[in-house]
Every structure is written in structure tokens, then in C-alpha cells.
Amino acid sequence: MLELRQIRQDPEGIRRGIASKGEPGAEEALQAAISRDAEWRASLTELERMRAEQNSVSATIGRGVRGGNPRPEQRTELKELSQRIKGLEERVRGLEAELHEALLRVPNLPSSHVPVGRSEADNVVVRRWGEPPQFRVPPKPHWDIGRDLGLLDFERAGKISGARFSIFRGAGAALERALPTFMLKLHIERHGCVEILPPFLVNSESMLGTGNLPKFGEDAFQLRGHDLWLVPTAEVPVTNLYRDEILPPEALPIRHVAFTPCWRSEAGAAGRDTRGLIRQHQFDKVELVHFVKPEDSTAHLAEIVQDAEDVLQALGLPYQVVQMCTADLGFSQANKLDLEVWMPSYGRYVEISSCSNYTDFQARRANIRFRRSPNAQPEFVHTLNGSALAVGRCLAAVLENGQDEQGRIHLPEPLADILGQKLLS
RNA sequence: GGGGAGAUGACCGAGCGGCUGAAGGUGCUCGUCUUGAAAACGAGUAGGCGCCCGAAAGCGCCUCGUGGGUUCGAAUCCCACUCUCCCCGCCA
């Protein structure tokens, strides 16, 4: 949510900013917010004037009653005023609701240094690490490797759940556990994170706080008969941890790491990445979430990217870091960098992590504030998060990049240590 | 699932339908005292919004779990809901 005052002050600047994201409906939402705001304020001023009169006359009646001197005619006047106030209250409430609804549909502004672009073609590769492995025979895709070594079973997953579900088997299951185990240990011991293991079901209020509602409800799974959603990412429960709280000065920065399954409907992705672990309705992910002072969020985005890179480097997986252009920023995001891992079956880099700065957009929606000093006015925090990493895609990358001509998999040292074997065959 | 109790500020905790946005305490901030600290003493200390584009000052409105209702007037009375705690039953 943007600040209303900022919208009043510079509507044209805001319009340009959100237009650069190409978010459908954004400019209409902004227009609606601006016009509702004007009507709302006019009505509110009138309502407050009437309430002030009611309060002051009511107080004199109170004094009269206690002095044994009631004035019955004032009561009938006030009864009428009270009725008029009720009518106007209803109108103000309605306008306020419409204003709020419109505001919730206005996306976050891009940070000033984000390159303006019209599509993902305008994203910028910032750096690359590692060399894509060379194969003398064509490398196998991970779904074939998984089937041949008995690690993955997509056919039976289809039977018991449907398309875009997976079954991990034997060493495959062990790997799916070993990866987050390794990642969590790194983030906790080296990156200063405190682990959170949140509920996997959250209410609508939480989805609203992170910006997944009201616009993107169709991307998530909702439980029938309950106000509960399957978390699309740990970002939702963890960002909402401090909703409606004022954090004390010493609390920031807060660094959390959470390992959860994630559920996504993948509506609109029909036909894309239909094979393998790349695009699933359920997948595991290790997520970093930071709460920081506004002036620190740029530095913390870089830190989160680095934390995610540390995982890839420890696993020896070649990757590139990509700065997203304005068109590729999500609804709530002010800036975003993706990490893309080399995927031999795709013959290109594939997204494995997405690190974003939400500035005060989520904090304003979720009402997450802090004080700089014990008696200072509360300010909104900045929230950031990044995957470090998506576990399924990481498993796919480990299998594909680690394969040899005999169809064996050479495991990176951190995983070999946990599994107690260096080679899968 | 059945029965009972409760929800007030950063925290604890008072609160006859009308000078109660809220006593008292704790914590915190500043000051006095002290070589320094502690103690003692003094002062301060909720949030949101409008008038007004921002800041300051001022004026006003709202907020005692949430939403309705009664009333000239509700933290206080009534209804519904949510959440917390206790007892019984069931259960991983």
C-alpha cells in the first residue's frame, strides 16, 4: 500500500511509476483512489463538525442533569442530530471502504535505480559464477535421471494427486531433506538468521498483508469452508509475524529463515515446464525474511542475494544474478534480483531464487512499525525476502550438473556429508 | 464436542452510563542529587485521521478484542463473532 499523502502530493509521479510496471488495472485503481479520497475527506470534515456539536451539547446536558437542571428540549434536538450523524456515518464508511479497496489494488513503486523495461528481455545480467559443465554425450534431464535411479516418481504422483505433484523416493527423498538441512545450517550459523517454523495455513488477513490478496487469490489454494489458505511461500506467515506491532529500537534488523512447503495453483502456466521438478503445485523452499530500518533496505537486499549465492557456491552450481527491469517486478516489489542456476536439460539458466525489496509497502498493509528511540514516533519498517533456495529446483540442478557418462551422480560435498555417500548410482 | 472464566495503553492493573483517552504501578526518556552507579526526588511517556501539500503550532474526530444495537451521551448496558485460559470427553 502506498502512502495516501504521497498520492495526493504527486499523483502524476505515482502514475508514471506504477505505469512502468505494466500491471493491469493499476492506473484505474490509482484514479479510483484519488477521486474516492476527495469525496471521503469532504464528507468526513462535515461528519466531524456534526460530532463536535453533538459532543459539546451532550456535555452541557450532562452537567445540567448533575446539577438537577435537565433541558428536555435539547434532547429532541440532539436526537435528530444523532439520526443525521448516523446517516452521514454510513456514507463516510462506504467511501472509506471504497478508498481502501482501491488503495489495496495500487502496486508498489519501483526503486529509482531499477532499469525501466517492457519485458523480461530488458532484464540485466549482473554477474555470473562458475562454468556450465561440458558433456561428451548429451546430458539427461533430471526427470530421466530421477526415474532411472529410482529417486523421483512422477507417474505415481499423478495417480494419487495429479499433474504437477512429485514423489521423492529413497536417496531422492533423503536429498530433498538434506538440501534444506544444509541451507538452514548455513543461514543460521553464518548469516545470523533466527529460524521460524510457521503454520502452513494462513488466514486472509495475512495474505492481504503481503499483497497476495485481494488481486492474486487465484494463484493460491484456499480451503473450502474455512478462511484459510495454503501458504504460497513462507514469506506470507513470516512477514506477518509482527503484524500490528511496534518493534522496539533494538529489535532491528531482524533476520529470519524458514523452511516450508509452498503451494501454488500455477493458474495461467498451463503447458509451461510440464516435466520434472521445475513447476509444481507443491514444492519445498528455504526463505529468508528481513525486517529493517528504511535506510538499510538497499544494503539488506544485497545481503540476501549474497546469502543465496553462498548456497549455490557451496554446492558448486553455476549461476547468474539478474537485475529485474520494471516490467518484471511483482505487484508488491520495489526491486528484485533473481538467481538463475545452470540447467543442462534446458541448456540455459533457470530461476532458482528471487530476492526482493518491498520497502514499506507490505509494512503499511500489515501495519509493522518500529521506534528509532524509546519515545520516538513509530515508523514503518522495510521488509525484504529471498529464496535461498527453492529446494526442488536445486535438487534438479544437483542431479543434472552432477551427472557423468555412466549415469551416476556426483554429490557436492555438503550433501555427501549429510547423506554419507558421494555417489548416487 | 460439552461446561465455565476472561480480553483495558510497551507491561501489570483500576474503572457508579456523563470533565475517564482512561486512576495506580512497572518499564522507558530527561533532569536534580552523586566521583560514578544504585537509591531517592521531579518532569515526561498511546495510536490513527481530518482541517492543510509538507513541517511546526493549533482546533477537532475516532480508538478500551471485532462488528452491530440501546441512549442526548457507552470502556461501562444488550446481541453476535473472534481469540485466550480452566475443567470434562475424544484424539496424533
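In what follows, chains are A, B, ... by sequence order, proteins preceding strands, each numbered from 1.
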- Note on the structure: A correct 5'-to-3' footprint of nucleotides 53-60 of chain B, with B, S and - meaning base, sugar-phosphate only and no protein heavy atom under 4.0 Å, is SS-----B

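Nucleotides G4(B) and U76(B), compared at atom C1', are 23 Å apart to the nearest Å. Taking atom P in both G3(B) and G60(B), the straight-line distance is 50 Å, to the nearest Å. Between the P atoms of A14(B) and G9(B), the separation comes to 13 Å (whole Å). Between the P atoms of C64(B) and A22(B), the separation comes to 14 Å (whole Å). With both ends at atom C1', the span from C51(B) to U32(B) equals 42 Å, rounded to whole Å. As rounded to the nearest Å, C49(B) and A55(B) have P atoms that lie 10 Å from one another. Comparing the same atom, C1', in G50(B) and in C86(B) gives a spacing of 46 Å after rounding to whole Å. Separation of the C1' atoms belonging to A46(B) and G21(B) is 9 Å when rounded to the nearest angstrom.
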Polar pairs (N or O, both sides) under 3.5 Å between protein and nucleotides 27-31 of chain B?
{"from": "U29(B)", "atom 1": "O4'", "to": "Asn375(A)", "atom 2": "ND2", "distance (Å)": "3.4"}

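Residues passing the salt bridge (charged side-chain N to carboxylate O under 4.0 Å, His left out) test with Glu28(A): none are found, sequence neighbours excluded. Looking at residues two or more places apart in sequence or on another chain, you find a salt bridge (charged side-chain N to carboxylate O under 4.0 Å, His left out) between Lys185(A) and Glu189(A). Remark: Arg127(A) pairs with Glu309(A) by the salt bridge (charged side-chain N to carboxylate O under 4.0 Å, His left out) rule, at least two apart or across chains.
Comparing atom distances between the Gln377(A) side chain and each of C72(B), G47(B), C51(B) picks out G47(B) as nearest. If you check U70(B), C72(B), C49(B) against the side chain of Leu44(A), the one that comes closest is C49(B).
Both Arg93(A) and Ser82(A) sit near RNA chain B, but only Arg93(A) has its closest nucleotide nearer the 5' end.
Evaluation of the ring pair (Phe, Tyr, Trp, His ring centres under 6.0 Å) test over residues 362-385 of chain A, restricted to residues two or more places apart or in two chains, returns none. Within the structure, salt bridge (charged side-chain N to carboxylate O under 4.0 Å, His left out) pairs that include any residue of residues 253-266 of chain A comprise Arg255(A)-Glu303(A), Glu266(A)-Arg279(A) (at least two apart or interchain). Applying the ring pair (Phe, Tyr, Trp, His ring centres under 6.0 Å) definition to pairs two or more places apart or across chains, those involving residues 270-298 of chain A are Phe165(A)-His281(A), Phe221(A)-His281(A), Tyr242(A)-Phe291(A), His290(A)-His300(A).
A close approach under 4.0 Å does not occur between any side-chain nitrogen or oxygen of Ser58(A) and OP1 or OP2 of G18(B). When the side-chain nitrogen and oxygen atoms of Lys86(A) are compared with OP1 and OP2 of U70(B), one or more of them lie within a distance under 4.0 Å. Phosphate proximity of G73(B) to Gln54(A): present, with a side-chain N or O under 4.0 Å from OP1 or OP2.
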- Report the C-alpha distance between Glu287(A) and Lys285(A) in whole Å, list the side-chain angles of each, state the deciding distance to 0.1 Å, and finish with yes or no for salt bridge (charged side-chain N to carboxylate O under 4.0 Å, His left out). CA-CA 6 Å; Glu287(A) 185 80 2; Lys285(A) 182 158 61 67; 2.6 Å; yes

Which atom pairs, one a donor and one an acceptor, fall under 3.5 Å between side chains of residues 394-402 of chain A and the rest of the protein, sequence neighbours left out?
{"from": "Glu400(A)", "atom 1": "OE1", "to": "Ser345(A)", "atom 2": "N", "distance (Å)": "2.7"}
{"from": "Glu400(A)", "atom 1": "OE1", "to": "Ser345(A)", "atom 2": "OG", "distance (Å)": "3.0"}
{"from": "Glu400(A)", "atom 1": "OE2", "to": "His142(A)", "atom 2": "N", "distance (Å)": "2.8"}
{"from": "Glu400(A)", "atom 1": "OE2", "to": "His142(A)", "atom 2": "ND1", "distance (Å)": "2.7"}
{"from": "Glu400(A)", "atom 1": "OE2", "to": "Ser345(A)", "atom 2": "OG", "distance (Å)": "2.8"}
{"from": "Asn401(A)", "atom 1": "ND2", "to": "Trp342(A)", "atom 2": "O", "distance (Å)": "2.9"}
{"from": "Asn401(A)", "atom 1": "ND2", "to": "Ala397(A)", "atom 2": "O", "distance (Å)": "2.9"}

Report all side-chain donor-acceptor pairs from residues 190-204 of chain A shorter than 3.5 Å, counting only partners two or more places apart or in another chain.
{"from": "His191(A)", "atom 1": "ND1", "to": "His187(A)", "atom 2": "ND1", "distance (Å)": "2.9"}
{"from": "His191(A)", "atom 1": "NE2", "to": "Asp310(A)", "atom 2": "OD2", "distance (Å)": "2.8"}
{"from": "Asn203(A)", "atom 1": "OD1", "to": "Glu205(A)", "atom 2": "N", "distance (Å)": "3.4"}
{"from": "Asn203(A)", "atom 1": "OD1", "to": "Ser206(A)", "atom 2": "N", "distance (Å)": "3.1"}
{"from": "Asn203(A)", "atom 1": "OD1", "to": "Ser206(A)", "atom 2": "OG", "distance (Å)": "3.2"}
{"from": "Ser204(A)", "atom 1": "OG", "to": "Asp227(A)", "atom 2": "OD1", "distance (Å)": "2.3"}
{"from": "Ser204(A)", "atom 1": "OG", "to": "Trp229(A)", "atom 2": "NE1", "distance (Å)": "3.1"}

Name every donor-acceptor pair, under 3.5 Å, that has one atom in a side chain of residues 19-27 of chain A and the other anywhere in the protein, sequence neighbours excluded.
{"from": "Ser20(A)", "atom 1": "OG", "to": "Gly17(A)", "atom 2": "O", "distance (Å)": "2.7"}
{"from": "Lys21(A)", "atom 1": "NZ", "to": "Asn108(A)", "atom 2": "O", "distance (Å)": "2.9"}
{"from": "Lys21(A)", "atom 1": "NZ", "to": "Gly330(A)", "atom 2": "O", "distance (Å)": "2.7"}
{"from": "Lys21(A)", "atom 1": "NZ", "to": "Phe331(A)", "atom 2": "O", "distance (Å)": "3.1"}
{"from": "Lys21(A)", "atom 1": "NZ", "to": "Gln333(A)", "atom 2": "O", "distance (Å)": "2.8"}
{"from": "Glu27(A)", "atom 1": "OE1", "to": "Arg15(A)", "atom 2": "NH1", "distance (Å)": "3.0"}

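At a cut-off of 3.5 Å, with distance as the only test, a side-chain donor of Gln323(A) or Asn335(A) sits close to an acceptor on the other residue.
Note: CG (Asn367(A)) to P (C49(B)) measures 10 Å, nearest angstrom. The interatomic distance linking Leu4(A) (CG) with C49(B) (C1') rounds to 10 Å, in whole Å.
Among the candidates Glu46(A), Glu48(A), Arg41(A), the single residue satisfying the side-chain contact (heavy atoms from CB on, under 4.5 Å) test with Leu44(A) is Glu48(A).
For RNA chain B, runs of at least 3 consecutive pairs of the Watson-Crick or G-U wobble type, with both hydrogen-bonding distances under 3.5 angstrom, map to B:1-7 with B:82-88, B:10-12 with B:24-26, B:27-32 with B:40-45, B:46-51 with B:58-63, B:65-69 with B:77-81.
Residue contacts shown for Pro378(A) are limited to sugar-phosphate atoms, with no base heavy atom under 4.0 Å away.
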